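All remarks here apply to the structure that follows.
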Amino acid sequence: MSTTTPAAATPSVRPLTTREADGLIEAAARAAEGLGVRGSVTVLDAGGHLLGFRRDDAAVLVSGETSARKAYTAVQLDTPTADLVDLVRPEGLLHTLPTALDRPLLFLAGGVPLHRDGRLIGALGFGGGSPEQDHRIAAEAIAESGVA
């Protein structure tokens, strides 16, 4: 008879829900409206799978793609995309990363990872304004929603 005890289980963290994604999208829409920005918001889970998306009726079509790529980049690298911009410049530490991978990464501000109890649960991406506006909208939406 074995007397070993099972290894301590890693505490589970509740995953990001579609209800929370909806709340993030609503909060991003309010933040964007407050800045007069027409754009798109994408919410992904920790695996990079779509949980929610909305494009403002007056937003340029490409904003949908940029919001999705920003969210994907933030979740894959677990870093706000605003923090990565300088790293992919020609003199940056990660300057070859954008061309080294066959993935839809986008190194423009506006993607922010979401955490719960210190663990990655997803990301939010916003596209449609200036990079600074997009980052601000994403950060305000996360703060308002209370998800992360």
Side-chain angles (χ1 to χ4, degrees), residues 9-148:
T10 303
S12 64
V13 173
R14 187 172 51 86
L16 186 63
T17 66
T18 54
R19 182 178 299 253
E20 289 171 317
D22 290 345
L24 285 160
I25 289 168
E26 291 297 329
R30 284 189 293 276
E33 185 176 334
L35 292 176
V37 174
R38 302 292 182 226
S40 297
V41 59
T42 300
V43 179
L44 305 177
D45 68 12
H49 304 284
L50 183 66
L51 283 180
F53 172 81
R54 180 184 297 165
R55 183 179 61 82
D56 184 278
D57 293 336
V60 295
L61 293 178
V62 74
S63 69
E65 185 68 21
T66 61
S67 73
R69 287 182 181 224
K70 290 175 185 183
Y72 186 78
T73 302
V75 81
Q76 290 298 312
L77 298 175
D78 193 8
T79 303
T81 55
D83 295 349
L84 299 168
V85 174
D86 288 337
L87 294 174
V88 296
R89 295 188 194 282
E91 67 282 354
L93 181 64
L94 302 177
H95 74 278
T96 60
L97 189 58
T99 57
L101 302 173
D102 186 28
R103 298 285 184 205
L105 301 177
L106 185 60
F107 296 93
L108 293 174
V112 180
L114 300 164
H115 297 92
R116 180 176 286 137
D117 298 328
R119 303 266 312 265
L120 180 69
I121 60 168
L124 181 149
F126 190 89
S130 70
E132 295 77 17
Q133 289 172 320
D134 291 353
H135 180 76
R136 180 175 170 187
I137 291 164
E140 285 182 14
I142 292 167
E144 179 188 322
S145 73
V147 169

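Just so you know, these numbers come straight off a predicted model, no measurement behind them.
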| task | Go through the steps to decide whether V41 and L24 satisfy the test side-chain contact (heavy atoms from CB on, under 4.5 Å), and finish with yes or no. | result | CA-CA 9 Å; V41 59; L24 285 160; over 6 Å; no

Closest heavy-atom contact between [X] and [Y]?
X: V37; Y: G128; answer: CG1-C, 4.0 Å
X: P113; Y: L120; answer: CB-CD1, 3.8 Å
X: V85; Y: F107; answer: CG2-O, 3.4 Å
X: G111; Y: A74; answer: C-CB, 3.6 Å
X: H135; Y: A109; answer: CB-CB, 4.0 Å

Scan [range] for pairs that pass side chain to side chain donor-acceptor pair (under 3.5 Å), counting only residues two or more places apart or in two chains.
range: residues 46-56; answer: E26-R54
range: residues 34-43; answer: S40-S63, T42-S67
range: residues 76-85; answer: D78-H115

Enter the distance from [X]:[atom1] to [Y]:[atom2] here, rounded to the nearest 0.5 Å.
X: I121; Y: E20; atom1: CD1; atom2: CD; result: 6.0 Å
X: L105; Y: L84; atom1: CG; atom2: CG; result: 9.5 Å
X: I25; Y: L124; atom1: CD1; atom2: CG; result: 8.0 Å

| Which residues share a salt bridge (charged side-chain N to carboxylate O under 4.0 Å, His left out) with E65, sequence neighbours left out | R69

| field | Residues which pass side-chain contact (heavy atoms from CB on, under 4.5 Å) with L51, listed by chain and number, not counting sequence neighbours | value | L16, T18, A21, V43, D45

| Do any N or O atoms from the side chain of R116 and from the backbone of R14 form a donor-acceptor pair under 3.5 angstrom? | yes

Donor-acceptor list for residues 136-148 side chains, cut-off 3.5 Å, not counting sequence neighbours:
residue	atom	partner	partner atom	Å
R136	NE	E140	OE2	2.7
E144	OE2	R30	NE	2.9
E144	OE2	R30	NH2	2.3
S145	OG	A141	O	3.3
S145	OG	I142	O	3.0
S145	OG	V147	N	3.2

